[in-house]
Every structure is written in structure tokens, then in C-alpha cells.
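A quick write-up on the structure given underneath.
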Protein chains: 2
Amino acid sequence: MNAAAQLADNRRKLLEIAAEEILENGFQATSIGDILTKSGLSKGALYHHFPSKLTLGYAVFEEVFVPECATRWEPALNTPDPITSISILLRAQVHEMTDEMIRLGCPVNNLGQEMSPIDEGFRQRINREINHWRDELAAAFKRGQATGHVKTEIDTRQVATFFIASIEGAIGLAKNAQDRALLETCTEGLINYLEGLRA
Amino acid sequence: MNAAAQLADNRRKLLEIAAEEILENGFQATSIGDILTKSGLSKGALYHHFPSKLTLGYAVFEEVFVPECATRWEPALNTPDPITSISILLRAQVHEMTDEMIRLGCPVNNLGQEMSPIDEGFRQRINREINHWRDELAAAFKRGQATGHVKTEIDTRQVATFFIASIEGAIGLAKNAQDRALLETCTEGLINYLEGLRA
DNA sequence: AGTATCAGACCGACCGGTCGGTTTTCAAGG
DNA sequence: CCTTGAAAACCGACCGGTCGGTCTGATACT
């Protein structure tokens, strides 16, 4: 491996291990020392790539958590019948979630709940991302209205907002209980709600 | 003030200030030193009342957070027409929430999201409390079925679960965005959902 | 030779928790 | 009513350990 590739590789390794630690312990309780031990890299290497723990956290959010979520939801958004495709994806996602994922919850929401009240940098990044989800979802419902699959009288943005809140709430509940059944129950409730929006 | 009252008073003061700090910073990031400074009491006093930070945290949950929530939701549960009374209470609660409360979110859910994956003692306490809410809500819907206000074909426990998930999710979203409108939007979505359950 | 990329010893601040000592309380004995 | 003594309540200096971050070299590539 050439030098440039090795460099990028070390940066990536730090990001991914930091992501694991942050997901497991939260940002504040994540220790730089633990990241170094797990990665086998040195403090010098880390502080060469990232000027502070906070900027490392921002990078983890933008370069690990956000892309993860994006690839997960993309397939359901650009379809003529969003209610059907979202319901299918929802059931599939819940089915594919590992016990570990249920125990740890949604990375983006976890970070938001922990850091939003105490760090404006995190808050803005997370808020921007969630607004992005809202926009994409609302656009999907609007498309469904255009194709005649979704009731025209609904406020698509309100539905999108409620949808995200319900999902994040459901993941949080399942995380507390460490119980997949809770997630399935909430998913069915949410799908019931969506079916009520069908034209 | 007599001695016994002073004693109970100091304990209560520690609990309440600890509750504030935990709500603001999370449990792990809350410093014993800050609690002592704010309360004006000494480390000796604190460790006389609570053997460790962890047991202090448990006490805050059980003696501050849980009763707070209980008194907030009680009025809507023992009524013949739960959909109406819950909707009214929901709108009232959202209206009465201060900006501070929106910024900080739900104490019980915050603690659960932070501590459930890493401390079994917290997890069990929080899970027990949420199950209690579920039971009470489900019973309220069941009562509504008996009085003919709620569709008989719905699964009351599923509805109760979905309801809690949606509310907690909505509070979380509003906390991230620091935006009361988000909470209002989700509340209306939830009320729409509830109205769909009317007999 | 010069520069990017580390390696890790080191730093002060802060953490939760301990412990020896002091004050307060209160019941019992005179 | 007073004295006394032990227990309860409290104080805060102190402890070992961990934290995020800095800095001085060493190494390897260009």
C-alpha cells in the first residue's frame, strides 16, 4: 500500500472505531484512550488527523452515521407508491436489525438526544440531517399524491414529521426494553397509520 | 425547623439539584462537584445520604422524574372517553411546556437513551416505568371500548405502545430542533391517529 | 534536504470516592 | 434542669486514576 492510501486508511480506521465507541457509550463518555487502544494507533496519529475530540465527533457524524442512514432509506423514497414501498422497507429493516442494533438504537438520534442541549455544533448538524429526511419523505408523499396513491387532502410535511418522530420513538422504546417485539408492534402501528393515508 | 426536617430537607435538595444537572448534562457527564457547589452542601453530606453516584442517580429517577411524569398524565387516564380527554391533555401539555422543557426533553426517556445500553439498574427501572405507562394507557383505551367511545377491533396494547413511541419521538425531535412548532405538528398528527380509533 | 506523518512521554484539570475529625442531636442518669 | 456520652450528621482535604490535549523527537517518503 502506498503512503497516501495508508494515510487515508488510518483516518478511516479512527473514524470507524470512534463511531463504534460513540454508539456504545455516547460522545461524552467515549474516551480518546479507548479509541487509540482499539485502533492500535497513537495519540499523535489521531491529533494529526483531527484537531480535537469535538471535531472527531463531527466527522464521525458526517462521514459514518449520515451515510449509513442515507443508504438505508434511499430505496423507498423514489417510487410512485410511497406508502407501499415504505411499508415494505420498514418491515424489512426491522427484520434485518441485529440484536446489537436494537440495543444501541439510532446513531443520529442518540447523538442528538445527548448533545443537542449542550453543543450547538452537533445540534445544527443533526437538525440539518433530520430536516433533510423530512424533506425527502414529504417529497415522496407528494409524489404519491401526484400518482393518485395518496390522499390529496393530507399535509405531506406534517405526515413526514410525524412519521420520523414515531420511528425514532419506536427505536428508543425498543432500545430501553431491549425487546425486538416492541419495535415490531410500533412498526405495525405506523403502517396502520400510513394505510389510512391511502387514496 | 427541627432536626429531622432539616435532614430530609438536605436530602431533598441534593435530589432536586442532581435532577437538574442530570436533565441538563446527562447522568455520566453530571459532576458530583457541581451538585455540591449548587447545593452549598458538602461531599460528606452527599455521601452520607447516598452511597455512590449511581444510587443517587437511581434515587433521582424514582423520587423526582417518575412522580413528575405521573402527576402530568394521571388526569387523562381515568375517563369514560379517553380519546377526547387524552387529546385535550396533549394539547394543554404542549401549550404549557416552557422553552426550557423543549430544549431538555423528557427526563425519563433521556436517561433511558443514555443509560439503558450500559447500566442494567437504570435500564430495568426505566423499562418498568414505561411498561407501567403502557398498562395504564391500554387500560384507558379498554375502558373507552367498554363505554362505546373506542373501536372494539383495535388492539389496545398496540395502540398504547405506538402512542408512547410517537410522543417520546416527538419530544426528541423538538429537542433537537429546539422548535416548539415541531412538537405541535407531531401532536396534531398523533391526535389525527387517535381520532381514527373512535367508534 | 525538507516535509508529512506519526510515536508516546508528559501535563494540568478534573473525576468519583474515602477518611479522620468536628459538630449537632438526643436520650439516659443523676 | 443539668450533665454526659454515644450516635448521627456533616465537613473538606486528600487520594488514585482518567481525561483531553501538547510537545519533542524520530521516521519515512518526496
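Protein chains get the first letters and strands the later ones, always in sequence-line order, with residue 1 at the start of each. Atoms considered below: every heavy atom in the structure, side chains included; atoms not considered: hydrogens, waters and symmetry mates.
For A:Y58 and A:F50, the ring centers are positioned 6.0 Å apart or more. Aromatic rings from B:Y193 and A:F162 are positioned such that their centres are separated by 6.0 Å or more.
Whole-Å rounding puts the B:R12 CZ to D:dA9 C1' distance at 20 Å. Whole-Å rounding puts the A:H48 NE2 to C:dC6 P distance at 6 Å. Here C:dT5 presents its C1' atom at 16 Å from NZ of A:K13, a figure rounded to the nearest Å. One interatomic measurement links the two molecules: CZ of A:F50 to P of C:dT5, which rounds to 13 Å at whole-angstrom precision. If you take NE2 of B:H49 and C1' of D:dC10, they are 9 Å apart, rounded to a whole angstrom.
Using a cutoff of 4.0 Å between basic side-chain nitrogens and carboxylate oxygens, B:R91 and B:E184 are not scored as salt-bridged. A salt bridge does not link A:R11 to A:E16: none of the charged nitrogens lies less than 4.0 Å from a carboxylate oxygen. Here A:D81 pairs with A:R198 in a salt bridge; the nearest charged N to carboxylate O distance falls below 4.0 Å.
Checking the phosphate oxygens (OP1, OP2) of D:dC10, a side-chain nitrogen or oxygen of B:N10 falls inside 4.0 Å.
Not counting sequence neighbours, the partners of B:C69 by the side-chain contact (heavy atoms from CB on, under 4.5 Å) test are B:V108, B:W133.
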Next on the checklist: Go through it in stages, so that I can follow the logic: the residues are A:R72 and A:L89, the test is side-chain contact (heavy atoms from CB on, under 4.5 Å), and I'd like the CA-CA distance, side-chain angles, deciding distance and then a yes or no.
Outcome noted: CA-CA 9 Å; A:R72 179 159 297 140; A:L89 186 68; 5.8 Å; no
Extract from the structure each pairing of a protein N or O with an N or O of nucleotides 21-23 of chain C at less than 3.5 Å, listing the distance.
none

With B for base contact, S for sugar-phosphate-only contact and - for none (protein heavy atoms under 4.0 Å), nucleotides 17-24 of chain D reads --SBBB--
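A cation-pi contact links A:K53 to A:F27, judged by a cut-off of 6.0 Å to the six-membered ring centre and 45° from its axis.
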